[in-house]
Amino acid sequence: IQGSPKHVLAEALVSMGMDKSELRNMEFVLTERCEQAALLAFELHREQNRKNIRAPFMCHILGVASLVVENIGMLVNTPEEAEDAVMIALLHDAVEDQGGKPTLERIRQAFGDTIANGVLSLTDAIPEPGGKKLPKAERNRRYIEHLKEDSAVIALISCCDKIYNLRTMAADAVVIERQEFWKAYSQSPELTMANYRNLGTVYAEKLAGHRIVKIYELALAQVEALMP
C-alpha cells in the first residue's frame, strides 16, 4: 500500500541494500468472511478443470491463495487488509471464468467494493453473453498496463497467480511431451514466455526487495528451460 508506514519502511530497507522480507510477516487470522469467499469459489469453479492434466481447477485457486497467505503480511498494516487480499486471491478467476458481470455483482453484494474491485483488477477479460474475447496478445497488454497502475497488494496477488501457473507448467512437462505440452496454450511458446518476462519486470518494480520476486524468477527459469 503506497504511503503506508510499512511501505515507507520497506523502501528505506531497500535503499540500504536490505530485503523487504526482513520486515516481520504480520500475523493474522482468516475469519468466517474468508471462509465464505472460499465456499463461493468452490461453487463457481466446481465443474472447471485445469489445462493439460485434468485436475479440478480449485487446485489453482487454493494454490494461489496459499502463496498470498504466506507473503501478504509483509505488505499490509492490518489483519483486515491481509484477509482482503486472500479473499481476492480466492475469487481472482471467478469473473473471467464463471459468469462475467453477474458474478462480479454477486461478489460485490456479498463482500463489498474492495473485494469486487480487486477481483476486477485481476480480470483480463469480462465475457459478454455471446461475445468474443479480445485477442490474447491485446488482453495481455492491457493486463500489464493496468497492473503498472495498481497497488502493490494487487501486484503480489497477480505474481502469486503467475508463480502457480509457471510451477504447474514445469510439473506438467515432467509427464507430457514438449510438443504436446505447448498445444494447451493459446499463444506460441515464444509469445507465452515473453508475456511472463514482461510481467516479471512489473513485479520487480512494484515489489522491489520482496522475496516473492525471487520466487517468481526461479519459477520462470524452470519453464524457460522447457522452450522447444
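Computed from a predicted structure; not experimentally measured. All values below were derived from every heavy atom in this structure, side-chain atoms included, with hydrogens, water molecules and symmetry-related copies excluded.
Considering only heavy atoms from C-beta on, Lys162 comes within 4.5 Å of Tyr203 through its side chain. Here the side chains of Leu147 and Leu199 are in contact, with some heavy-atom distance below 4.5 Å. Residues Asn49 and Phe57 are not in side-chain contact: their nearest non-hydrogen atoms beyond the backbone lie 4.5 Å or more apart. Side-chain atoms of Val153 and Glu81, non-hydrogen and from C-beta on, never get closer than 4.5 Å to each other. At a threshold of 4.5 Å between non-hydrogen side-chain atoms, the residues Thr123 and Arg139 do not count as touching. With a 4.5 Å cut-off on side-chain heavy atoms, Met169 and Trp182 count as touching.
There is a side-chain donor-acceptor pair under 3.5 Å between Arg108 and Asn117.
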Show which side-chain atoms of residues 34-46 pair as donor or acceptor with protein atoms under 3.5 Å away, not counting sequence neighbours.
from: Glu43; atom 1: OE1; to: Arg106; atom 2: NH2; distance (Å): 3.0
from: Glu43; atom 1: OE2; to: Arg106; atom 2: NH1; distance (Å): 2.9
from: Glu43; atom 1: OE2; to: Arg106; atom 2: NH2; distance (Å): 3.0
from: His45; atom 1: ND1; to: Gln48; atom 2: OE1; distance (Å): 2.7

Residues 217-228, side-chain donor-acceptor partners within the protein, below 3.5 Å, at least two apart:
from: Glu217; atom 1: OE1; to: Lys214; atom 2: NZ; distance (Å): 3.4
from: Glu224; atom 1: OE1; to: Arg197; atom 2: NH1; distance (Å): 3.1
from: Glu224; atom 1: OE2; to: Arg197; atom 2: NH1; distance (Å): 2.8

Under 3.5 Å donor-acceptor pairs involving side-chain atoms of residues 65-73, not counting sequence neighbours:
from: Asn71; atom 1: OD1; to: Arg211; atom 2: NE; distance (Å): 2.6
from: Asn71; atom 1: OD1; to: Arg211; atom 2: NH2; distance (Å): 3.2
from: Asn71; atom 1: ND2; to: Leu67; atom 2: O; distance (Å): 2.8

Ignoring hydrogens and angles, write down the donor-acceptor pairs under 3.5 Å from the side chains of residues 83-92, residues two or more places apart or on other chains.
from: Glu83; atom 1: OE1; to: Thr31; atom 2: OG1; distance (Å): 3.0
from: Glu83; atom 1: OE2; to: Thr31; atom 2: N; distance (Å): 2.5
from: Glu83; atom 1: OE2; to: Thr31; atom 2: OG1; distance (Å): 2.6
from: Asp84; atom 1: OD1; to: Arg33; atom 2: NH1; distance (Å): 2.9
from: His92; atom 1: ND1; to: Ala89; atom 2: O; distance (Å): 2.6
from: His92; atom 1: NE2; to: His60; atom 2: NE2; distance (Å): 3.2
from: His92; atom 1: NE2; to: Asp161; atom 2: OD1; distance (Å): 3.4

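Pairing each heavy atom of Ser121 with each of Ile154, the nearest pair is CB-CG2, 4.1 Å. Scanning all heavy atoms of the two residues, the minimum distance from Thr78 to Met26 falls at O-CE, 3.3 Å. Nearest approach of Gln187 to Thr192, heavy atoms of both residues: O-OG1, 3.4 Å. Minimum interatomic distance between Cys59 and Tyr164 (heavy atoms only, all atoms of both residues): O-OH, 3.2 Å. Residues Ile212 and Cys159 approach most closely at CG1-SG, 3.8 Å, considering heavy atoms. Here the shortest heavy-atom pairing between Ser186 and Lys136 reads OG-CG, 3.6 Å.
Of the inter-residue distances, the one linking Asn195 atom CG with Met193 atom CE reads 9.5 Å to the nearest 0.5 angstrom. Ser158 contributes atom OG, which lies 9.0 Å from atom CG of Leu207 (distance to the nearest 0.5 angstrom).
Put simply, the side chain of Glu96 gets close to the backbone of Asp124: a donor and an acceptor are under 3.5 Å apart. Judged by distance alone, the side chain of Lys206 and the main-chain N or O of Glu149 form no donor-acceptor pair under 3.5 Å.
Pairs passing the salt bridge (Lys or Arg N to Asp or Glu O under 4.0 Å) check and including a residue from residues 187-196, sequence neighbours excluded, do not occur. Applying the ring-ring contact (aromatic ring centres under 6.0 Å, His included) rule to pairs touching residues 138-161 yields nothing, sequence neighbours excluded.
Tyr185 is connected to Val174 through a chain of hydrophobic side-chain contacts under 4.5 Å among Ile, Leu, Val, Met, Phe, Trp and Tyr, so both are in one cluster.
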